[in-house]
Amino acid sequence: METTVRGLTPVLSGQRLALVEPRRADLRKAIPLDLRQRMQGATVTSLGRRAKYGMIDTDRGDTMIFHLGMSGRWRVDPGELLAHDHLVIETDAGRRLALNDPRRFGFLDLVRTDAVAEYPPFAAMGPEPLGPELTARYLALALAGRAAPIKAMLLDQRIVAGLGNIYVCEALHMARIAPSRAAGRISEYRLERLVTAIRAVLESAIAAGGSTLRDFAAPDGELGYFSKQFLVYGREGEACACGGPVKRRTEAGRSTFWCPKCQRT
DNA sequence: ATGGCGTCCTGAAAGC
DNA sequence: TGCTTTCAGGACGCCA
């Protein structure tokens, strides 16, 4: 989402939206009925991100919030519209965007900009992983007494906001912590290592332009290259850098990749 | 309150 | 080749 927002910014920032056209209303959540009326003709003042949500602010005091789910992407200046282009935007400068999301796990919403902090999904959200609030001390307090595996806790947006399955697998590997380790039983020393790993993984991913596998694309249509840097994700059966075998386990429909040799505990 | 699982939806890839 | 099965980056609701 960070690379998506960075890619959208030069296209949208400061631009008046000549056309805002919903083409399908039933995403995971229904598109607001007044989306077109409130967004069309408005000028974009800024773009932002909170966790995996993108935000487009307008001079009318509205913020359009979008989530890409698992298969969403913005197509920039598409030649022609395709199936699953659920929203089309055109700017006065003649640029065109299409929000494409085959699985419709993503959604669009519209809130008043001064009420974004109270937007329900944001209200209970934990700190941004790249912000100053994520520290080993914070994690130690947030995870105290928790018996759930550290991997599940890191995917819980109330603990840390914005981590997904890939980044959690990669960060735990870099920190040499077993995904199944009870979250409340990790020393602050190792949590320090985990915080460092989370930041390093995210910063590398952002620098590489995101982790596109197959159905995410950067806004300019190029694929992200971070996927080539995965050390464990998607590498079941390959050798870890330590020589150990990369394993895979499925829990609740989610795959965990890890190296039992260097992630012992 | 906590932890674990199934579900929403479509398409790509793997398996037979 | 062609049909069937498996799997996917997220988040939420339900259950024990």
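Per chain, numbering begins at 1; letters A, B, ... match sequence-line order.
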ask   = Choosing from C/dA8, C/dC12, B/dT2, which nucleotide comes nearest the side chain of A/R146?
value = B/dT2

message = Checking contacts here: which listed nucleotide (B/dG3, C/dG10, B/dT10) is nearest the side-chain heavy atoms of A/N165?
response = C/dG10

query = What nucleotide among B/dG3, C/dA11, B/dT10 has an atom nearest to a side-chain atom of A/P102?
reply = B/dT10

query = So which nucleotide from C/dG10, B/dG3, B/dT10 ends up closest to the side chain of A/R104?
reply = B/dT10

ask   = Picking from B/dG3, B/dG11, B/dC9, which would you name as closest to the side chain of A/R103?
value = B/dC9

request  = Kindly point out which of C/dC12, B/dG3, C/dA8 is positioned nearest to the side chain of A/A147?
outcome  = B/dG3

inquiry  = Could you check whether A/R60 pairs with A/D62 (Lys NZ or Arg NE/NH1/NH2 to Asp/Glu carboxylate O, under 4.0 Å)?
reply    = no

message = So A/S255, base contact, sugar-phosphate only, or nothing? Heavy-atom distance under 4.0 Å.
response = sugar-phosphate

Residues 257-264 of chain A side chain polar contacts: donor-acceptor under 3.5 Å, at least two apart:
| residue | atom | partner | partner atom | Å |
| --- | --- | --- | --- | --- |
| A/K261 | NZ | A/C242 | O | 3.1 |
| A/Q263 | OE1 | A/C259 | N | 2.8 |
| A/Q263 | NE2 | A/L172 | O | 3.4 |
| A/Q263 | NE2 | A/I177 | O | 3.0 |
| A/R264 | NE | A/K261 | O | 3.3 |

query = Taking the P atom of each, how far is C/dC12 from B/dG11, in whole Å?
reply = 24 Å

task = For the residue pair A/S255 and A/R248, confirm or rule out a side-chain donor-acceptor distance under 3.5 Å.
result = yes

request  = Taking atom P in both B/dC5 and C/dC7, compute the distance separating them and give it to the nearest angstrom.
outcome  = 15 Å

task = Check whether the side chains of A/Y119 and A/D109 place a donor and an acceptor atom closer than 3.5 Å, and report yes or no.
result = yes

ask   = Atom CG of A/D85 to atom P of B/dG11: distance rounded to whole Å?
value = 12 Å

ask   = Counting side-chain heavy atoms from C-beta on, which of B/dC9, C/dC7, B/dG4 comes nearest to A/F105?
value = B/dC9

inquiry  = Measure CE/A/M125 against P/C/dG10 and give the value in whole Å, please.
reply    = 12 Å

key: Residues A/E188, A/R137: salt bridge by 4.0 Å N-O rule   = yes

query = Which whole-number value in Å describes the distance from A/D101 CG to C/dA8 P?
reply = 18 Å

request  = May I have the distance from A/L27 (atom CG) to C/dG10 (atom C1'), rounded to whole angstrom?
outcome  = 14 Å

Atom-to-atom span, NZ of A/K29 to C1' of B/dC8 - whole angstrom = 15 Å

request  = Using only side-chain N and O atoms of A/H67, determine if any of them is under 4.0 Å from OP1 or OP2 of C/dA11.
outcome  = yes

request  = Tell me what A/A252 touches on the nucleic acid: a base, only sugar-phosphate, or nothing, going by heavy atoms under 4.0 Å.
outcome  = base

N or O in side chain of A/Q157 less than 4.0 angstrom from C/dG10 OP1/OP2 = no

key: Side-chain H-bond candidate by donor/acceptor type, A/T45 with A/D59, under 3.5 Å   = no

key: Salt-bridge criterion met for A/E251 and A/K151 (N-O under 4.0 Å)   = no

request  = In whole angstrom, give the distance that lies between atom CG of A/D156 and atom C1' of C/dG13.
outcome  = 14 Å

query = What is the distance from CZ of A/F107 to C1' of C/dA11, rounded to the nearest Å?
reply = 9 Å

ask   = Hey, is the side chain of A/R254 poking within less than 4.0 Å of OP1 or OP2 on C/dG9, counting only N and O atoms?
value = yes

message = Heavy atoms only, 4.0 Å cut-off, all strands: where does A/R248 land among base, sugar-phosphate and nothing?
response = sugar-phosphate

message = Can you tell me if A/K52 touches the phosphate of C/dG9, counting only side-chain N or O atoms and a distance under 4.0 Å to OP1 or OP2?
response = no

request  = Between A/G145 and A/G253, name the one whose nearest nucleotide on DNA chain B is closer to the 5' end.
outcome  = A/G145

request  = Would you mind checking if A/E192 and A/R190 are paired as a salt bridge, meaning a charged N to carboxylate O distance below 4.0 Å?
outcome  = no

query = For C/dG9, does OP1 or OP2 lie under 4.0 Å from any side-chain N or O of A/Y233?
reply = yes

Salt bridge flag under 4.0 Å for residues A/D101 and A/R73 = no

note = DNA chain B in dot-bracket form (Watson-Crick or G-U pairs under 3.5 Å, [ ] crossing, | inter-strand) is .|||||||.|||||||

remark   = Regarding the side chain of A/H84, the nearest nucleotide among C/dG10, B/dG11, C/dA11 is B/dG11

note = In whole angstroms, the gap separating P of C/dG13 from CZ of A/R158 amounts to 11 Å

ask   = Expressed in whole Å, how much space separates the P atoms belonging to B/dA12 and C/dA11?
value = 23 Å

